[in-house]
Amino acid sequence: MIKEYKTIREIASPLMVVEHVEGVTYDELGEIELPNGELRRCKVLEVEGDRAVVQLFESAQGINLAESRVRFLGHPQELAVSEDMLGRVFNGMGQPIDGGPAILADAHMDINGLPMNPAARAYPAEFIQTGVSTIDGLNTLVRGQKLPIFSGSGLPHAALAAQIARQARVLGDNETFAVVFAAIGITFEESEYFINDFRRTGAIDRTVVFSNLANDPAVERIATPRMALTAAEYLAFEKDMQVLVILTDITNYAEALREVSAAKKEVPGRRGYPGYLYTDLATMYERAGRRQGKKGSITMIPILTMPEDDKTHPIPDLTGYITEGQIILSRELHRKGIVPPVDVLPSLSRLKDKGIGAGKTREDHSGTMNQLFAAYSRGKDAKELMTILGEAALSEDDKLFAKFAEEFEKRYVSQGNNTNRSIQETLDIGWELLSILPQRELKRIKPEFIEKYMPKK
């Protein structure tokens, strides 16, 4: 039997203290009944003896300390899951907001799922094609990987996120691919942009969207990515789908965590974020991966805007420790009109070597990738030298490398938000660009591949 309590002692939104409770557990869901019969939801954050601190999901306005009743429901926050979620749009608490009916649940799953046990993980090894050359060709995304995108305020990460969600697919027969897209603390305009883009292109049919807006409660922001990951776990490990989870924007999530932590009067860590930010992010990110004995997988692309473009800020810094690489967007390339403005040299996918090569992408992929990195780096150095000393100071080879860097940005990096390139197209463009350089400089590619793939002049 569910007990009711009329022992609310204190409210400091979004927190509330209830006294003389029995048998209440951490993360348990609760209901507050106002004197007018209105119900509001909450969850238990802390239990100390017979005193519980609960977190309100809605406003504290109108809660009368003496008259309002609190009930604890005996279970944590759950998400109703079923394959019918595909093609639907939900708010940050998992309720449909697209005008469609409620989901007929196959199961109700606890949203606070556990990070995957390292001993149960299968090693990521299969290529995922995003249709974006700078990712597929140079920082390859592998099934089961966590590859974040580090952006800055005002850079077009939203357009890149929508493009990846729209274009991503796994190569291979009989593979069902799904996208779970969680928008965390974004504006109404951004939310409409994503939903309309998915509907316009038909991508919505294989996508589950969770949309938490900037004017929704901060507490909901903390639940949104967990809702998305719970839906992904169901589709991947119960329905054998290959699932790509895109979370944007993790910075808004961390800000909400900081807000709640400050309300709890916890001792702050770096920049006011709670000391457990690393642990909290890790429990979320580590739910992605491949599980032994299961066909499905969860691949994750968290997107975060770096405050003041600072890579050492706690959010990108800690994310970099937990994930396997990062894609970095460049303000300089954005000013040049390059779309998407991916900064190739500091970007990294630590698992790229595992998902490329014969039978996965193409036999020449590894060599051309290394050669393109090396040539672009040398070309950028040559362009800087040209700026300082003038073109006359460069050798003939350096002039060719400077030309290569220019063409590489225009033709390889810049492809617009509506161009979906296959991995073969990406590799062929790489070869066309390498043909600008003298063959004696192509030291990272096997001679037989140069003979086979280099365009004949």
Side-chain angles (χ1 to χ4, degrees), residues 1-81 91-95 105 107-115 212 216-227 229-230 253-269 273-277 279-284 287:
M1 182 182 161
I2 294 174
K3 277 190 177 180
E4 284 193 346
Y5 300 94
K6 289 180 74 175
T7 51
I8 301 171
R9 283 293 165 264
E10 186 186 336
I11 297 176
S13 187
L15 305 180
M16 183 174 82
V17 178
V18 186
E19 293 187 337
H20 309 308
V21 299
E22 289 176 11
V24 174
T25 57
Y26 174 71
D27 261 348
E28 190 173 337
L29 209 57
E31 282 179 347
I32 305 152
E33 187 178 334
L34 275 54
N36 64 1
E38 184 187 341
L39 289 178
R40 293 191 191 161
R41 292 160 307 158
C42 60
K43 78 166 182 178
V44 178
L45 276 191
E46 222 172 84
V47 182
E48 201 176 303
D50 66 349
R51 184 171 171 272
V53 178
V54 302
Q55 191 172 18
L56 304 170
F57 288 136
E58 289 111 337
S59 157
Q61 194 173 358
I63 298 177
N64 181 308
L65 269 64
E67 298 300 321
S68 299
R69 303 163 187 269
V70 182
R71 288 186 287 273
F72 295 102
L73 305 180
H75 61 79
Q77 196 172 354
E78 293 176 330
L79 175 68
V81 291
N91 66 11
M93 301 304 287
Q95 295 154 335
H108 289 82
M109 293 175 68
D110 177 2
I111 69 162
N112 304 293
L114 296 171
N212 163 262
D216 289 332
V219 178
E220 189 175 303
R221 236 171 318 294
I222 295 170
T224 306
R226 291 180 167 79
M227 291 280 176
L229 284 161
T230 304
Y253 169 83
E255 298 285 354
L257 207 62
R258 177 165 69 175
E259 190 179 319
V260 172
S261 173
K264 286 160 73 177
K265 298 184 173 63
E266 291 173 335
V267 178
Y273 292 97
Y276 52 79
L277 179 62
T279 311
D280 192 275
L281 290 173
T283 55
M284 228 163 50
R287 288 170 72 176

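For the side chain to side chain contact (heavy atoms under 4.5 Å, CB included) test, residues two or more places apart in sequence or in another chain that qualify with E22 are K3, Y5. The side chain to side chain contact (heavy atoms under 4.5 Å, CB included) check on L73 picks up I2, L29, E31, H75, with sequence neighbours excluded. In this structure, N64 has no side-chain hydrogen bond (donor to acceptor under 3.5 Å, both in side chains) partners at least two apart in sequence or on a different chain. Residues satisfying the side chain to side chain contact (heavy atoms under 4.5 Å, CB included) criterion with P14, sequence neighbours excluded, are V219, V260, A263. For E220, the salt bridge (charged side-chain N to carboxylate O under 4.0 Å, His left out) test picks out no residue, with sequence neighbours left out. E38 is linked by a salt bridge (charged side-chain N to carboxylate O under 4.0 Å, His left out) to R40, counting only residues two or more places apart in sequence or in another chain. Under the side chain to side chain contact (heavy atoms under 4.5 Å, CB included) criterion, A107 pairs with V81, not counting sequence neighbours. With sequence neighbours excluded, the residues forming a side-chain hydrogen bond (donor to acceptor under 3.5 Å, both in side chains) with H20 are D50, listed by chain and number. Residues that satisfy the side-chain hydrogen bond (donor to acceptor under 3.5 Å, both in side chains) test with E4, not counting sequence neighbours, are R69, R71. Shown here are the ring pair (Phe, Tyr, Trp, His ring centres under 6.0 Å) partners of F57, two or more places apart in sequence or in another chain: there are none. With sequence neighbours left out, S261 forms a side-chain hydrogen bond (donor to acceptor under 3.5 Å, both in side chains) with E266.
Annotation: side chain of V44 is not in contact with side chain of D27 (no heavy-atom distance under 4.5 Å). Using a 4.5 Å heavy-atom cutoff, the side chains of M227 and Q77 are in contact. Side-chain contact between P35 and S68 is present, with at least one heavy-atom pair separated by less than 4.5 Å. Taking 4.5 Å as the limit, every side-chain heavy atom of R9 sits out of range of all side-chain heavy atoms of R51. Residues T224 and M93 have side chains not in contact (no heavy-atom distance under 4.5 Å, counting atoms from C-beta outward). Counting heavy atoms from C-beta outward, V47 and T25 have side chains that stay 4.5 Å or more apart. Annotation: side chain of L56 is not in contact with side chain of L15 (no heavy-atom distance under 4.5 Å).
Salt-bridge check for D280 with R226: passed, with a basic side-chain N closer than 4.0 Å to an acidic carboxylate O. Look at D216 and R221 and you find no salt bridge, because none of the NZ, NE, NH1 or NH2 atoms lies under 4.0 Å from a carboxylate O.
Between V21 and V18 the shortest heavy-atom distance is CG1-CG1, 3.8 Å. Heavy-atom minimum distance, N212 versus G92: CB-CA, 4.2 Å. Closest of all the heavy-atom pairs between M16 and I11 is CG-CG1, 3.7 Å.
Taking CG from L229 and CE from M284, the interatomic distance works out to 7.0 Å, rounded to the nearest 0.5 Å. Taking CG of N36 as the reference point, atom CD of E33 lies at 9.0 Å (rounded to 0.5 Å). With rounding to the nearest 0.5 angstrom, the CD1 atom of I63 is 4.5 Å from the CD1 atom of I32. Between atom CZ of residue R258 and atom OH of residue Y253 there is a gap of 14.0 Å, rounded to the nearest 0.5 Å.
The only member of H108, R287, E78 that meets side-chain hydrogen bond (donor to acceptor under 3.5 Å, both in side chains) when paired with T230 is R287.
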Assess the residue pair I8 and V17 against the criterion (side chain to side chain contact (heavy atoms under 4.5 Å, CB included)); give the C-alpha distance rounded to whole Å, side-chain angles, the decisive distance to 0.1 Å, and a yes or no. CA-CA 6 Å; I8 301 171; V17 178; over 6 Å; no
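Under the 3.5 Å distance criterion, the side-chain polar atoms of N91 are matched with a main-chain donor or acceptor of G94.
Every pair passing salt bridge (charged side-chain N to carboxylate O under 4.0 Å, His left out) that includes a residue from residues 55-67 is listed here, sequence neighbours excluded: R41-E58.
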